[in-house]
Amino acid sequence: QDDVRIALVVKALGIGFFDAAAKGAEEAAAELGNVELIYTGPTDTTAEGQIEVINSLIAQQVDAIAISSNDTDALVPALQKAMERGITVISWDSGVAPAGRQMHLNPSSNPLIGNMIVKLAADHLPDGGDVAVLSATSTSTNQNIWIEEMTKVLPEYPGINVVGTVYGDDLADKSYREATGLMQTYPDLKAIIAPTSVGIVAAAQAVVDAGKVGQVNVTGLGLPSEMAGAIESGASQSFAIWNPIDLGYSATMLAYELSQNGAVAEAGAEIPMGRMGTLTLDENMEGAMADPFVYDASNIEEFKSIF
Amino acid sequence: MTDVPVLALRGVTKTFPGVTALDGVHLSLFAGQVTALIGENGAGKSTLVKTLTGIYRPDGGSIEIDGVPVRFATAQDAGAAGITAIHQETVLFDELTVAENIYIGHAPRTRFGLIDTARMMREARSLLASIGATLDPATRLRDLGIASKHLVAIARALSIDARVVIMDEPTAALSQKEIEELYALVATLKAQGKAILFISHKFDEIFRIADRYTVFRDGQFVGDGLMADVDQDQLVQMMVGRSVDRVFPPRTHSPGAELLKVVGYCHPTEFADITFTLRQGEILGFYGLIGAGRSELMQALFGITKPSKGVCRIDDRISVIRSPADAIAAGIVYVPEDRGRQGAITALPIFQNVTLPSLRRTSRHGFLRMAEEFTLARTYTERLDLRAASLDQDVGNLSGGNQQKVVIAKWLATQPRVIILDEPTKGIDIGSKAAVHAFMAELAAAGLSVIMVSSEIPEVMGMSDRVIVMREGRMVAELAGAALTPQALVRHAAGIGADKTKVAA
Amino acid sequence: MTDTSLHRRLPDRLTTRTQRLLRSWEVLLLAVAVAIFTFNALASPYFLNVWNLSDATFNFTEKAMIAFAMALLIIAGEIDLSVAAIVALASTAMGYALQFGVGTPGLVAIGLGTGLACGAFNGFLVTRLGLASIVVTIGTMSLFRGISSIVLGDGAFNGYPASFAVFGQGYVWWVITVELAIFAVLAVVFGVLLHRTNFGRAVYAIGNNPTAALFSGVRVDRVRFILFLLTGLMAGLAAVCLTSRLGSTRPSIAMGMELEVVTMVVLGGVNILGGSGTIPGVVIAAFVMGLVTFGLGLLNVPGIVMSIFVGALLIGVIALPRLIGKLRA
Amino acid sequence: MTFLRSREAVLTGALLVLLALIATRFPGFIAPANLAAVFNDTAPLIILALGQMVVILTRCIDLSVAANLALCGMVAALLNVAFPGLPVVVIVAAVTALGAALGAVNGLLVWKVGIPPIVVTLGTLTIFRGVIFLISDGAWVNAHQMTDPFKALPRSALLGLPVMSWCAIAVIVGTAVLVWRTALGRSFYAVGGNPHAAVYTGIDVGRTQFTAFVLSGALAGLTGYLWVARYAVAYVDIAAGFELDVIAACVIGGIGIAGGIGSVGGAVLGALFLGVIKNALPVVDISPFWQMAISGAAIITAVILNSRTRRAKGRLILRQTEGHA
Ligand SMILES: Nc1ncnc2c1ncn2[C@@H]1O[C@H](COP(=O)(O)OP(=O)(O)OP(=O)(O)O)[C@@H](O)[C@H]1O
Ligand SMILES: Nc1ncnc2c1ncn2[C@@H]1O[C@H](COP(=O)(O)OP(=O)(O)OP(=O)(O)O)[C@@H](O)[C@H]1O
Ligand SMILES: [Mg+2]
Ligand SMILES: [Mg+2]
């Protein structure tokens, strides 16, 4: 049987979010029937590591690469080489510069996410107050875009005062320390927005340990499985995420469509992605999958064992 | 005098890869007696000490205490069996205190098994007092001078309640006054009924303190007996296997024109106002007590340390010597006192050692030419009759004497004009010593100027055309001809008498 | 000792060139390399493809450039753990200059110059102030990378000119990349420098016994300083290649590279305590590490599992001769 | 008097100056409660620095501590998930033993095979990390999977201080007694200060180095549990690169990298110095991007200062009396 080999390349192996995405990709592969899925990525979140992975994928002559990148620009030469050798390249989740891919799948639209993270905080602060951002690394593409989008819509939330942005580098201990630092520097802090699944968990833990449950609300983007404890303890009222399973599923479907079914990535193109409907590409060859979904005490039980 | 030895070795053998250091040797030590162990360099004396103290395990033979065979796995076992030693090397710990150095490995314990610091200090203090050392047991060893360190080593050896005390060349690093104190200590130990093994290359002290002797040659037992029954020539005959000419080689050539002139050399802490001249083909002796600053001065001449003031003229041209490389270029070379550390590079082959300072000549535009290197190395090593398997052999595999030859060959290959020999015969046995002396005379006769640093009066007297005496970093006398007497040397070196006038040559 | 005037002729060597070669570390390592190559060829159908092999060389070329200089440094008894940080700082400096419109030649000069400056700083601390190189470079490792993180903050530099891409992405001829060519040239240059020049001899002498080397007229501190400079320069060169290959600069560039470089050098048979080692050994070690990572990559083995292989290889290859020696004794 | 000139005094002074500087920008930092929190946060670094100190004293180095910590932490988490009923003390004991065993692997390779410590631990560093990936399958162990007692132990307060801090205090006291008052402790200094001489005093150099590695490993194992329980998460990369912080703490604390020199006080102060910088930067509003450069500069300064104070005082043989004519 003619196997189609699709590589799902992630920022680094061992991150819950990406493992969930891989689950979705497997689902798509099973649905398509003739797809062999290669789930791979470097050990830590570096561009150099991803380039090595890409080189070995090129060598194996896979049919398509769907990548969530560690660096917008650094991967471009390697991915261009892949495309030159006839490999379909798309990026998903965290994008690659247009020159290095045929199209990009956004989990959701960036403005929607930027709005969502500040709304989550504002919903629990009727009187406004100080909030701070705990991001991943200073270089993470999507976190930076979301924070930018959030800043744009801030005027719509009067009383919400963003006092600072710190970086936990997606390391549990550093994020924890930064969150603790935030609470000390700003004794009146009302909320910590962490648009990263590592940071949000660490921040919730820091709030619990500082005895500030009820005073400081942790919110942002996180995984239900990792955040279940925080919702339970009350350190977090609510948080959002798109469904990573759907994301992996859609990325695989798109890669398959482009590489096997002759779909062309061009502005305005509508590309089917199985049960997720179709994706419409904009002039940057980007499309958004769906709205982020909000999790709170009412629905966390249902999702925490799924992803 | 008892006839049962406290300690007896029977047929002890110890081999290292390629060397049989001890070949079935015998040795008996008796209570209340000092036994001198004598032999050439490499005869196996220190190896025997290490075997007796549990550092090496013998390959064959037996060690008996009071006629009972014993076996030591570690140095602590030997201590427990009542054997203690002052080793040839300093084996102390700079970062520990005096008391800890004395008691490491057998410190007094409290009920909970912890070290009883207070008691350790107390006992260390009284032990030090008993050997006449006024050291604070709480000072760190690194803050002590060489002589004090040696006293700590002695205290450490005595801290073990021993019946057998071994001293491996204990006087090599001591001044005359401290040597006298050591002799007194040996007498006390003797009176306490301990059996003492005393190793030394100095015949005068052997005859002074020893009751018995044992002679080794090339790892083999040659003979033993009572000191009273032998004279020095007989001992030397046993040691070397032939008689050794103890007359210094005659000097036939007389020194030529002035070659090197040192004017007003000063160093912030080590020496001051050094002014002297050296003539072609001359042997200039530097005498002084240990620590008089001679080595520091020679190292400054060689560019290792920098003088704060002063100039050095060669052939009436002022040469600035900032590094050994400058010195070599100016024709001055230095055979260091500390051969192990400063002399040869033991892990490199012979030819590379020899050519290291002469690479500029054997290479072309900075690129090595192996053939030239071998030629140069062969010329000089064969001239010195080096005993080795090949020129590619690592220097570390050679015996000490042959390593010294490699170092000398290295310097001769640079075709120097001045060669400085720092304690060239220190720790060297009587046979090799004569060879070194003959060689020095040969060099001088060939027109090389030699500076010889030595602490041995006979050597200084016998070899030098002229002698400069140093004390506390300063030149205190320059002696030659009739003025060069042992009494004058000692008087100037020790600073006895106010007479500091230079005696003209 | 002097009883005879009979002069024996000392032979130059007792062993022949072949004998020495056969007993050398390089041969053992070469055997390992061949074994890995064979294994890879059997395990993956994609392995024996010149283009793939050419791509695979990127896994080691930049590290090997630094490893050559590092080998000399380690043979001389020193170490430089700040090399990866130098790469980061040099890349940052190039990116910074780029903002002012500096062209490709200028960028290269700045990259190499930053490397040299960092090397000089390390060399100064080690030779002038007499500090231990391992602690000095642990400090400068944080310092250099810290400076690039101050400069870059949460930003990145990109938009390098197209002509700059030649170092990391260009080909000299057919499958021979520019980096591979640089690697080959440097292998020869460093090989000659270490094994065929007075300078190389001085490096060995210093590594074996710095005091005795000084007493033999070797300008010890000057040689050490030059070695730090060289290492910095090579880190600067690696920064040029890596930056060119990535087309962007971030503070995390070349993270952890120092340990891979040291691993490569040690695997190449250089004694970490100084005094011995060869450039051919390092060259083979570079290929071994490249082959292992590429081969396992083709089998889609995760990078972290690969590192188990590299770690085990390092310990195993060094332990084996010692264990055999122990068993023999 | 001697204390005033010691490294510990210099470091204490530096630490106080640092705290004073921070206080000018953020007075709340030196509130006792906050200082206690900083100490608590620095506890893992202190514990590991003490283990590393012992290893460095014997002329070795342990680059694998952080990987050892991560592996033990992961095993602790997996044990807790697999056997939620297992008492926490059993888990702590198990991972401490595991840490000691991993340290023993390093120690044996150094002692029996004679591979240089830096090479051994460079190798085991990558191997340990790889093993974590293998046993965890790369997955995280998250807070809600861990039992409450497991997570609670390090943060439960005892006499106003969290257990985590008490662990650090216990290790400080234990190491101090070990190093000052036991024969083994003194032999660490002897082996590193002069290995040759150590043999002459009946100390087995290899065995002593082995013991040091075991000790360092056991402390890494203990810290592995503390770390994972405190941050309530375990994954492959926890404490990545932490070995360099640990070594930096030792270097700042004046532990001589060539062996034989160093004190418990120095190691603790070195760790606290780094801990204070780490905790202070976010609150005094210095960009986090400065942190690395600052700790780098601190290391270099400390090394220079240490080498100055340690420089052998040149012996003075010249008398400063009347000049010679
Ligand atoms: N650890 C060792 N490995 C190899 N050979 C050794 C070792 N120790 C000693 N030897 C060799 O054993 C022989 C005896 O050495 P030893 O040190 O006992 O001599 P010695 O009589 O004490 O000489 P000296 O008077 O110079 O102190 C020498 O040939 C020496 O090279
Ligand atoms: N009191 C002391 N404290 C510390 N070190 C000392 C002392 N005396 C001598 N030394 C050491 O011994 C070495 C030799 O001393 P120096 O060169 O000054 O005297 P010297 O006259 O050459 O003595 P020697 O006969 O031992 O060569 C010095 O390098 C020094 O390190
Ligand atoms: Mg001896
Ligand atoms: Mg001297």
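Residue numbering restarts at 1 for every chain, and letters A, B, ... go by the order of the sequence lines.
Residue contact with chain A, scored on non-hydrogen atoms closer than 4.5 Å, involves the backbone and the side chain of C:A254 alike. With a 4.5 angstrom heavy-atom cutoff, C:L53 does not touch chain A via any of its atoms.
Under a cut-off of 6.0 angstrom, the local environment of CZ in C:F167 is crowded, with over 12 non-hydrogen atoms contributed by other residues, nucleotides or ligands.
Between A:E52 and C:K63 the shortest heavy-atom distance is OE2-NZ, 3.7 Å. Here the closest non-hydrogen pair linking A:E48 and C:I253 is OE2-C, 3.5 Å.
Here CG of A:D73 is found 10.0 Å from CG of C:L246. Values are rounded to the nearest 0.5 Å. Taking CZ of C:F294 as the start and CG of A:N55 as the end, the distance is 7.5 Å to the nearest 0.5 Å. The CD1 atom of A:I58 sits 8.5 Å away from the CG atom of C:N52 when rounded to the nearest 0.5 Å. Rounding to the nearest 0.5 Å gives a distance of 8.0 Å between CG of A:N70 and OG of C:S252.
Applying the side chain to side chain donor-acceptor pair (under 3.5 Å) test to every pair with at least one member in residues 285-301 of chain C, sequence neighbours left out, gives these pairs: A:Q60-C:N300, C:N59-C:T293.
Of the listed residues (A:S56, A:A59, A:A97), the greatest number of heavy-atom pairs within a distance under 4.5 Å of chain C belongs to A:A59.
Partners of C:E62 according to the salt bridge (charged side-chain N to carboxylate O under 4.0 Å, His left out) rule, which considers only residues two or more places apart in sequence or in another chain, are C:R245. The salt bridge (charged side-chain N to carboxylate O under 4.0 Å, His left out) search around A:E286 returns A:R101, not counting sequence neighbours.
Residue-level contacts of residues 17-25 of chain A with chain C do not occur; threshold 4.5 Å between heavy atoms.
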Original post:
Can you list the steps and then say if C:N49 with A:Q61 is a side chain to side chain contact (heavy atoms under 4.5 Å, CB included)?
Top reply: CA-CA 11 Å; C:N49 170 320; A:Q61 295 154 16; 4.1 Å; yes

- Can C:D55 and A:K81 be said to form a side chain to side chain contact (heavy atoms under 4.5 Å, CB included), step by step? CA-CA 10 Å; C:D55 283 353; A:K81 187 156 63 185; 3.2 Å; yes

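A side chain to side chain contact (heavy atoms under 4.5 Å, CB included) with C:P302 holds for exactly one of A:V53, A:T40, A:L13; it is A:L13.
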